[in-house]
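Sharing a structure here in structure tokens format.
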Protein chains: 2
Amino acid sequence: MATIKDVARAAGVSTATVSAVINDSAYVSAELRARVLSAVRDLNYAPSLAARNLKRGRSQLIALVVADLANPFFSRVVWAAEAAVAAWGYSLLIFNSDEKPELERRILARVRTLSCDGVILVPVGDSTEHLQNDPDGKPIPTVLFGRTVADDRSDTVTIDNISAGRQATEYLLDLGHTRLGTITGPLHVTTGRGRLDGMLAAMRSRGLTLESRYIRSGEFREDAAYSVARSLLEQPARPTALYVASGLMALGVMRAVADLGLRCPGDISIASTDTIPGIGGLRPRLTRTEHPLVDMTNEAVRLLVDQIRRGGPAEPRNVVFQPSLVVGDSCAPVVAQSVAPPPTSAR
Amino acid sequence: MATIKDVARAAGVSTATVSAVINDSAYVSAELRARVLSAVRDLNYAPSLAARNLKRGRSQLIALVVADLANPFFSRVVWAAEAAVAAWGYSLLIFNSDEKPELERRILARVRTLSCDGVILVPVGDSTEHLQNDPDGKPIPTVLFGRTVADDRSDTVTIDNISAGRQATEYLLDLGHTRLGTITGPLHVTTGRGRLDGMLAAMRSRGLTLESRYIRSGEFREDAAYSVARSLLEQPARPTALYVASGLMALGVMRAVADLGLRCPGDISIASTDTIPGIGGLRPRLTRTEHPLVDMTNEAVRLLVDQIRRGGPAEPRNVVFQPSLVVGDSCAPVVAQSVAPPPTSAR
DNA sequence: CGAACCCAGCTAATCGATTAGTTGAGTTTT
DNA sequence: AAAACTCAACTAATCGATTAGCTGGGTTCG
């Protein structure tokens with residue numbers, strides 16, 4: 001690799017002049033500028049970011065740490081983040097904490113070592129202590145994405161999970177369903193907890209309760225959702241409608257429904273929250289609440305770049321996006337289903 | 001951020017000793033080692049990669065440049081690559097060339113600037129000229145993934161696309177289908193071209209031909225596949241079976257089939273190639289050829305790390321993985337379908 | 001005409017690590 | 001006991017860029 005010295009020698013100028021030309025940081029006469037540029041081309045010179053970053057103290061790197069890279073939801077976040085980050089002149093590093101707090105801790109240490117300019121973090125566990133890991137110095141600019149944690153001084157970008165759970169549930173209730181079931185996410189993360197809370201609130205406000213035997217955690221995983229959905233639906237007097245707290249789990253639930261020989265929405269109505277690619281291919285089309293994922297990601301990157309530029313967090317900003325209900329045909333009015341509560345088990 | 005000098009001062013030793021302790025690169029007495037380690041802890045010191053990399057001339061960064069980050073297939077590659085790369089002690093940068101050769105060129109320039117230790121590249125366009133962009137110096141260690149390009153000195157990891165097309169087609173032919181159609185990928189990339197060639201070869205060897213009006217390109221995109229599938233299936237005398245060259249396109253095709261009121265496999269049999277998350281939720285279950293994606297990714301990373309270690313490419317290695325046929329229930333024997341070629345248009 | 005100024009371009013310090021080369025106290029050899 | 005070794009630990013050069021500060025020729029102005 002050619003260095004700035006090689007270029008300077010080839011162009012017959014000093015390294016300072018080369019640097020000035022490359023960065024447009026000072027006036028250089030047209031002649032020298034031309035000589036430098038042609039030398040750059042001849043040697044196919046590209047400045048070393050390692051050296052530049054060492055001097056400037058930044059890296060043009062932004063890290064995205066997601067909780068589960070196998071989840072298509074986060075794959076879309078990766079896609080959106082790559083584009084957003086590139087638009088601001090940064091490059092994107094990807095890490096997968098795999099829902100393990102200990103791994104998250106190690107990743108954040110590495111992020112610091114790599115001197116990333118900022119982190120977009122989907123936190124796992126319930127502490128962000130690792131974020132202010134620098135007793136004297138300033139912490140790395142951080143935006144928490146999707147989930148929140150207890151005590152916090154960081155910017156956050158989240159959705160209104162309670163509203164998502166409520167909207168989906170109210171839609172089912174409006175169709176006349178009263179015996180509802182749900183496949184939740186992990187209840188120790190806000191996305192799991194909030195959606196269930198929204199559902200409970202919606203039912204409570206109509207004087208209904210959610211029976212605990214109709215509540216199962218699918219852990220935000222397709223396979224887990226499949227098996228808990230099976231066991232949930234094989235109960236005698238199964239619910240007439242199901243709220244599934246994530247798109248990935250909805251795939252598993254639909255699979256379980258098909259494997260049990262149940263028809264959707266004929267035998268069971270299903271509503272879910274969040275969209276993943278591929279869900280559009282499902283028939284029936286799922287009724288679901290969607291998040292403005294691209295907007296959320298753009299906003300997270302914008303907040304992060306803003307923090308980086310001003311060199312430290314201002315007072316924390318919490319941006320909450322609202323989900324919207326997208327009606328498909330996976331839900332039917334309860335009158336169209338068996339009217340009398342059937343005490344028979346599924347097949 | 002504390003520097004190595006701060007640590008040296010705090011521990012009352014030289015920076016060389018601190019470095020020796022951190023890297024285990026020379027013997028240090030137990031006492032000094034303890035002093036250094038405690039200073040490291042006190043100051044929460046993390047060595048600056050920028051400085052280390054500048055000196056060592058490497059970055060511990062591997063770039064993954066994919067052709068379409070919105071495609072769930074590549075999302076899975078990202079997932080597998082992150083894990084593989086981390087296991088070797090590297091971190092993963094993600095870039096999306098979005099099938100644009102010009103963007104790919106810019107990305108590779110940036111990869112060079114970032115002094116990435118290596119690149120896993122899903123090439124778009126048909127030249128790798130940009131890879132030996134350094135007239136004098138050595139090119140960045142590179143592994144081409146999934147696709148190949150004409151002239152090449154790089155390692156490659158690919159699948160046998162011809163075999164994938166042939167296996168899927170032969171399965172359909174064995175069921176008695178003779179009027180086949182296909183939704184192809186872009187024919188200028190090897191994954192698109194090869195799968196079609198495999199299909200053509202399979203038909204030719206049974207004395208059949210693929211009518212050109214039954215061939216459509218879905219560009220490896222879900223929406224494009226949806227619309228070309230619609231127009232293909234709305235023709236009079238539509239094919240009785242379809243080979244769809246990618247998982248993402250298969251979702252679009254299934255959607256088109258459903259929207260046209262056709263039953264699969266009743267009215268039309270469908271086989272495809274490659275798996276994406278979410279495809280498992282489809283009913284009927286798709287008959288398809290699958291790639292050992294995780295193995296492929298691991299192999300690509302292994303080859304790349306090997307290149308990095310030996311400091312330059314040995315003679316290029318081309319690893320080809322074989323697809324395997326996974327039988328679902330999206331295909332039916334032709335006798336079960338309308339026996340006489342129906343000259344009626346769909347619906 | 002000389003002082004004051006301007007400014008293109010240069011010299012050299014600097015960022016934070018690694019590491020070749022040096023030092024000097026302690027040990028072994030003869 | 002001097003010479004020859006060992007070896008823990010240190011000093012200082014180095015990686016490739018940026019940039020503060022300097023230089024010296026050319027203008028402007030009193």
Side-chain angles (χ1 to χ4, degrees), chain A residues 1-37 39-40 43-61 109-110 112-117 134 136-137 311, chain B residues 1-37 39-40 43-61 109-110 112-117 134 136-137 311:
Chain A
M1 271 288 296
T3 74
I4 200 173
K5 277 188 196 162
D6 301 324
V7 174
R9 197 176 317 120
V13 300
S14 73
T15 61
T17 304
V18 176
S19 178
V21 170
I22 294 172
N23 301 297
D24 248 339
S25 54
Y27 187 86
V28 176
S29 69
E31 194 209 328
L32 287 200
R33 146 166 273 120
R35 292 224 306 267
V36 168
L37 289 178
V40 164
L43 299 171
N44 198 0
Y45 166 75
S48 146
L49 263 217
R52 174 177 285 175
N53 293 338
L54 173 57
K55 196 66 181 62
R56 291 194 178 159
R58 43 207 164 84
S59 62
Q60 316 219 59
L61 258 29
R110 175 147 185 101
R112 217 161 64 94
T113 279
L114 285 161
S115 57
C116 291
D117 292 346
D134 212 348
D136 46 322
Chain B
M1 272 288 296
T3 74
I4 198 172
K5 278 188 197 163
D6 301 326
V7 175
R9 196 176 317 118
V13 300
S14 74
T15 62
T17 302
V18 176
S19 178
V21 170
I22 294 170
N23 300 298
D24 246 339
S25 52
Y27 187 86
V28 176
S29 68
E31 193 209 329
L32 288 200
R33 145 166 276 118
R35 291 225 307 267
V36 168
L37 288 178
V40 164
L43 298 171
N44 199 359
Y45 165 75
S48 147
L49 263 218
R52 173 176 286 178
N53 293 337
L54 174 58
K55 196 67 183 56
R56 297 219 246 231
R58 45 210 163 81
S59 62
Q60 315 218 60
L61 259 28
R110 176 148 184 100
R112 219 161 63 92
T113 279
L114 286 161
S115 56
C116 290
D117 291 346
D134 212 347
D136 46 321

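Numbered from 1 within each chain, the chains take letters A, B, ... in sequence-line order.
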For the residue pair V21(B) and L32(B), establish whether any side-chain heavy-atom pair is separated by less than 4.5 Å.
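Result no, sub-4.5 Å side-chain heavy-atom pair not found.
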Grab the two heavy atoms, one from S115(A) and one from A50(B), that are nearest each other, plus how far apart they are.
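Taking S115(A) first and A50(B) second, the nearest heavy atoms are OG-CB, 4.4 Å.
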Shortest non-hydrogen separation from L49(A) to Q60(A) and the atoms involved:
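Scanning both residues, the minimum pair turns out to be CD2-NE2, 3.9 Å.
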Quick tally for nucleotides 14-20 of chain C: nucleotides whose base has a protein heavy atom under 4.0 Å get B, sugar-phosphate-only ones S, the rest -, giving BBBBBB-
Shortest non-hydrogen separation from C116(A) to S59(A) and the atoms involved
CA-OG, 3.5 Å
What pairs meet the side chain to side chain donor-acceptor pair (under 3.5 Å) rule with one or both residues in residues 23-34 of chain A, with sequence neighbours excluded?
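Passing the test, one end in residues 23-34 of chain A: S19(A)-N23(A), N23(A)-R52(A), N23(A)-R56(A), D24(A)-R33(A), E31(A)-R35(A).
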Hey, could you give me each pair passing salt bridge (charged side-chain N to carboxylate O under 4.0 Å, His left out) that has a residue in residues 6-23 of chain B? Not counting sequence neighbours.
D6(B)-R9(B)
When the axes are fitted on five pairs at both termini, how much does the helix from dC1(C)-dG30(D) to dT30(C)-dA1(D) curve, in 10° steps?
50°
Y45(B) versus I4(B), closest heavy-atom pair with distance
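Of all heavy-atom pairs spanning Y45(B) and I4(B), the closest is CE1-N, 3.5 Å.
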Intermediate values then yes/no, side-chain contact (heavy atoms from CB on, under 4.5 Å), T15(A) and T3(A)
CA-CA 10 Å; T15(A) 61; T3(A) 74; over 6 Å; no
Run the side-chain contact (heavy atoms from CB on, under 4.5 Å) check on V28(B) and V36(B) step by step: do they pass?
CA-CA 10 Å; V28(B) 176; V36(B) 168; 5.8 Å; no
Looking at residues at least two apart in the chain, or sitting in another chain, which of them share a salt bridge (charged side-chain N to carboxylate O under 4.0 Å, His left out) with D117(A)?
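None.
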Within residues 26-37 of chain A, find the residues that approach DNA chain C with a heavy atom at under 4.0 Å, and present them sorted by residue number.
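Heavy-atom cutoff 4.0 Å gives Y27(A), V28(A), S29(A), L32(A).
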